[in-house]
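From a predicted model like this one, the values you see are computed outputs, not experimental measurements. All ligand and atom numbering here is 1-based and tracks the order in the structure.
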Amino acid sequence: MDKKVLYPHRRWNPLRQSWVLVSPHRTQRPWQGEVSQKAAPSAVAYDPDCYLCPGNQRAGGAANPAYHGVFSFENDYAALLPDCPAETGPPVSPLLLAEPARGVCKVLCYHPDHSLTLARMTRPEIRRVVDAWTREYEELGSMDWIEHVQIFENRGAMMGASNPHPHGQIWATSFIPDEPAAETAAQREYLARAGPCLLCDYLAAEETAGERVIFENEHFAALVPWWGVWPFEVLVVSRRHLSALPEMSGDERDGLADALKRLTTRFDNLFETSFPYTMGFHQSPTDKQAHPEVHFHAHFYPPLLRSATVRKFMVGFEMLAMPQRDITPEEAAQRLRACPEEHFWARA
Ligand SMILES: [Zn+2]
Ligand SMILES: [Zn+2]
Ligand SMILES: [Zn+2]
């Protein structure tokens, strides 16, 4: 059998001019996601069956240390592996293109307390996570074959999170994936044509317009983007032009922690639920090139539409033609602005 089908690789889609990552070895992933519809915070601070809680044995066999702050490890069920066999010969057809995909997949536990989420962690606790993200980006990004470091979090079973323990993931890859590649190209093109920075200019336009900005602190702005697709999609943008986490001052890292705390709290308060989302940072690729065009930002893509259980589906016209939304970005921003920044579920 072609070795390619046994190892992580990416296949080229000539119709869409895009890649799809294939991880055939990644079976047997444990599922500890919430199965109930109403996602209340977990009642227990320690779950003996959770593979992310301190001291517990993971499915892969390793045991977690009795960690107190943050804790990261290489994913036992990584979608990408550091070592991959080289290409095994020419493709059968130029329309059946694939190439090896190498990478490192890590899990970052945000806190030892199983019951917490970013929304219910304190600012100093979130700052520790920001510092850990920064370290991981630096360490992984400095490896000579790593061209991109994607930090992200899937929150809630609705978004496919396999475990409610507060954690995120970091996938570092030997290539720049399509989403950040497209955004980096757009920012580079803007710099060359209009300059100096697409997102600096965009943020200034949103601050002038005002109606889509949810809140700002000294260093970050949270807004529902003009082009947002998900009902309560949010963009968190640094107010200073910077390209990656390591460029942030201590004050700016505190500012990011504050913005994440306030945004996730508003999200939870919106439908009085532990609000599901996928979030992640876009920053400079680590392809050892200069990226003055890239402006650091976070995307939040939450699926909920009308309540804790009514979600938006991307189906039909949206899958086949283009995204569509009902609630306008202006209305979404207004509703998030109206949410309090005290969490509805007080922490014991
Ligand atoms: Zn846990
Ligand atoms: Zn900028
Ligand atoms: Zn982006």
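- Evaluated for a side-chain contact (heavy atoms from CB on, under 4.5 Å) with His148, the options Pro177, Ser284, Ser174 yield exactly one hit, Pro177.
- The angle His165:ND1 - the Zn ion (ligand 1) - Cys50:SG amounts to 120°, with values rounded to 10 degrees.
- Checking Cys53 against the Zn ion (ligand 1), an N/O/S atom falls under the 2.8 Å cut-off.
- Close placement of the Trp171 and Phe152 rings is indicated, their centers lying within 6.0 Å of each other.
- Nearest approach of His297 to His299, heavy atoms of both residues: NE2-NE2, 3.1 Å.
- Excluding water, every protein N/O/S atom under 2.8 Å from the Zn ion (ligand 2) is given here by residue and atom: Cys197 SG, Cys200 SG, His241 ND1, His295 ND1.
- Considering the Zn ion (ligand 3) as centre, the angle to NE2 of His299 and to NE2 of His297 is 100° (10° rounding).
- Side-chain contact, Asp201 with Tyr190: a donor N or O sits under 3.5 Å from an acceptor N or O.
- Salt-bridge check for Arg239 with Glu207: passed, with a basic side-chain N closer than 4.0 Å to an acidic carboxylate O.
- The six-membered or imidazole ring of Tyr277 lies away from that of Phe275, with a centre-to-centre distance of 6.0 Å or more.
- Classification of Glu189 and Arg193 as a salt-bridged pair holds, one side-chain N sitting under 4.0 Å from a carboxylate O.
- The only option from Lys261, Arg123, Arg127 that meets the salt bridge (Lys or Arg N to Asp or Glu O under 4.0 Å) definition with Asp254 turns out to be Arg127.
- Residue-level check: among N/O/S atoms of His114, ND1 sits closest to the Zn ion (ligand 1).
- For His282 atom ND1 and Glu183 atom OE2, the angle they make at the Zn ion (ligand 3) is roughly 100°, to 10 degrees.
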